[in-house]
Protein chains: 2
Amino acid sequence: MTETYSPSQTVEMSGFSLDTLRYYEKIGLIEPVRRAAGGHRRYSDDDLGWLDMLRCLRGTGMPIARMQSFAELARAGDETVAQRLALLEEHDAAVEAEMERLIEQRDKIREKIVYYRSYLDREPVVCEAR
Amino acid sequence: MTETYSPSQTVEMSGFSLDTLRYYEKIGLIEPVRRAAGGHRRYSDDDLGWLDMLRCLRGTGMPIARMQSFAELARAGDETVAQRLALLEEHDAAVEAEMERLIEQRDKIREKIVYYRSYLDREPVVCEAR
DNA sequence: GTTTGACCTGGAGCGCGCTCCAGCATTCAG
DNA sequence: CTGAATGCTGGAGCGCGCTCCAGGTCAAAC
């Protein structure tokens, strides 16, 4: 049988806030979620899987607008696999570039750290009065 | 002799926009820049060096507010070196953590890419009509 | 039956980090 | 001397990605 999850469970499992889950649904990042009798959402395992994908894309800096394109392609069915692949490959390259930039700048900061350390070694502690 | 640079040269060399340079000065991220006779800014090599530092901090995701603390410590002189060191070390750790997150999520995206590729291999091309 | 808490909707609001603009002054090439 | 380019200030505006709120409905415990 297929599991379903309440909004609060989904918050817990997905790491998105309740508001963000509703927002993502509203803007079409996730398909309209199944509802229980009274109108309350019931997320499926599929929904959870999709949310996990979204988390990876957002977490690696993909803008919402691009994620919407991706979601639209996914909704369109199997003929769009090639386009989705292209989109992900392009994003992967962007992430790679971003990481290289990050490493470069981190290294510069580390140089600065080393410099500060050496400074403190030279001038160990300044006692306030002689 | 000490070189100085016009705003437009500084834009070129620092990678910050003119507006951002003025904004950073206004909020105290950089000390008041020397002015030529007519009031136009003349950036020094020191300014350029500091801007490079700022670029590294911003580029690795340090929030403006934290950079302001750092700038304030720097202005306060040599007694704050230890505090600046601590701030940079903490930031370095944050960057490291961020990069690990990035790698994890990138790997998941790559798995998806592999999956899409294998899908396309199985079902090579769908000719529109039979 | 009532209370408590989870959930609903539509829309307004917000924090961040710039970016743009009007209106004016300065500089420089020709 | 004139015109174009560059620069100045103060303050408004903006794009992104949520986040919050009011005013209700629904569900489950007592």
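No hydrogens, no waters, no symmetry mates; every other heavy atom, side chains included, goes into these values. Residue numbering restarts at 1 for every chain, and letters A, B, ... go by the order of the sequence lines.
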Task: Worked verdict on B/T2 versus B/D46 for side-chain contact (heavy atoms from CB on, under 4.5 Å) - done: CA-CA 10 Å; B/T2 313; B/D46 274 8; over 6 Å; no

Task: Reference residue B/T60; test side chain to side chain contact (heavy atoms under 4.5 Å, CB included); the match among A/K108, A/Q105, A/E104 - done: A/Q105

- [ ] Would you mind checking if B/R106 and A/E98 are paired as a salt bridge, meaning a charged N to carboxylate O distance below 4.0 Å?
- [x] no

Task: Short side-chain donor-acceptor distance under 3.5 Å, B/S118 and B/D121 - done: no

Open item on the list: From CZ of A/R35 over to C1' of C/dA6, roughly how many Å is that when rounded to an integer?
Closed with: 14 Å

Open item on the list: Please compare A/H40 and B/P63 by the position of their nearest nucleotide in DNA chain C and report the one closer to 5'.
Closed with: A/H40

Open item on the list: It should be established whether A/S8 places a side-chain nitrogen or oxygen under 4.0 Å from OP1 or OP2 of nucleotide C/dC7.
Closed with: yes

Task: OP1 or OP2 of C/dT19 under 4.0 Å from side-chain N/O of B/S17 - done: yes

TODO: Just do the side-chain hydrogen bond (donor to acceptor under 3.5 Å, both in side chains) check on A/Y5 and A/D47 with the steps written out, would you?
DONE: CA-CA 10 Å; A/Y5 309 96; A/D47 290 330; over 6 Å; no

Task: Phosphate OP1/OP2 of C/dC8 contacted by A/R22 side-chain N/O (<4.0 Å) - done: yes

- [ ] Consider the side chain of A/Y23, meaning its heavy atoms from C-beta on, and name the nucleotide among D/dG17, C/dC8, C/dT27 that approaches it most closely.
- [x] D/dG17

TODO: Send over the distance from B/L18 CG to C/dC18 P, rounded to a whole Å.
DONE: 14 Å

Open item on the list: From NZ of A/K26 over to C1' of C/dC8, roughly how many Å is that when rounded to an integer?
Closed with: 12 Å

- [ ] For A/A65 and for B/R42, find the nucleotide of DNA chain D with the closest heavy atom, then tell me which residue's nucleotide is more 5'.
- [x] B/R42

Task: Separation of D/dG15 C1' from A/I27 CD1 (nearest whole Å) - done: 14 Å

Task: Pairwise 5' ranking along DNA chain D for A/F16 and B/G38, keeping only the more 5' one - done: B/G38

Open item on the list: Whole angstroms only, please: what is the OH-P distance between B/Y24 and C/dG17?
Closed with: 8 Å

Open item on the list: Please tell me if A/S6 has a side-chain N or O lying less than 4.0 Å from either OP1 or OP2 of C/dC7.
Closed with: yes

Open item on the list: Rounded to whole Å, please give me the gap between CG in A/L54 and P in D/dC18.
Closed with: 11 Å

Open item on the list: Need to verify one output field. Residue with the more 5' nearest nucleotide on DNA chain C, B/G61 or B/G39?
Closed with: B/G61

Open item on the list: So for A/D19 and D/dC18, does any side-chain atom that can act as donor or acceptor lie under 3.5 Å from a complementary atom in the base?
Closed with: no

- [ ] Could you state the atom-to-atom distance from CD1 of A/I64 to P of D/dG17 in whole Å?
- [x] 5 Å

TODO: Please state how far atom CD in B/E25 lies from atom P in D/dG10, giving the value in whole angstrom units.
DONE: 11 Å

- [ ] Pick base, sugar-phosphate or nothing for B/R41, based on heavy-atom distances below 4.0 Å to the nucleic acid.
- [x] sugar-phosphate

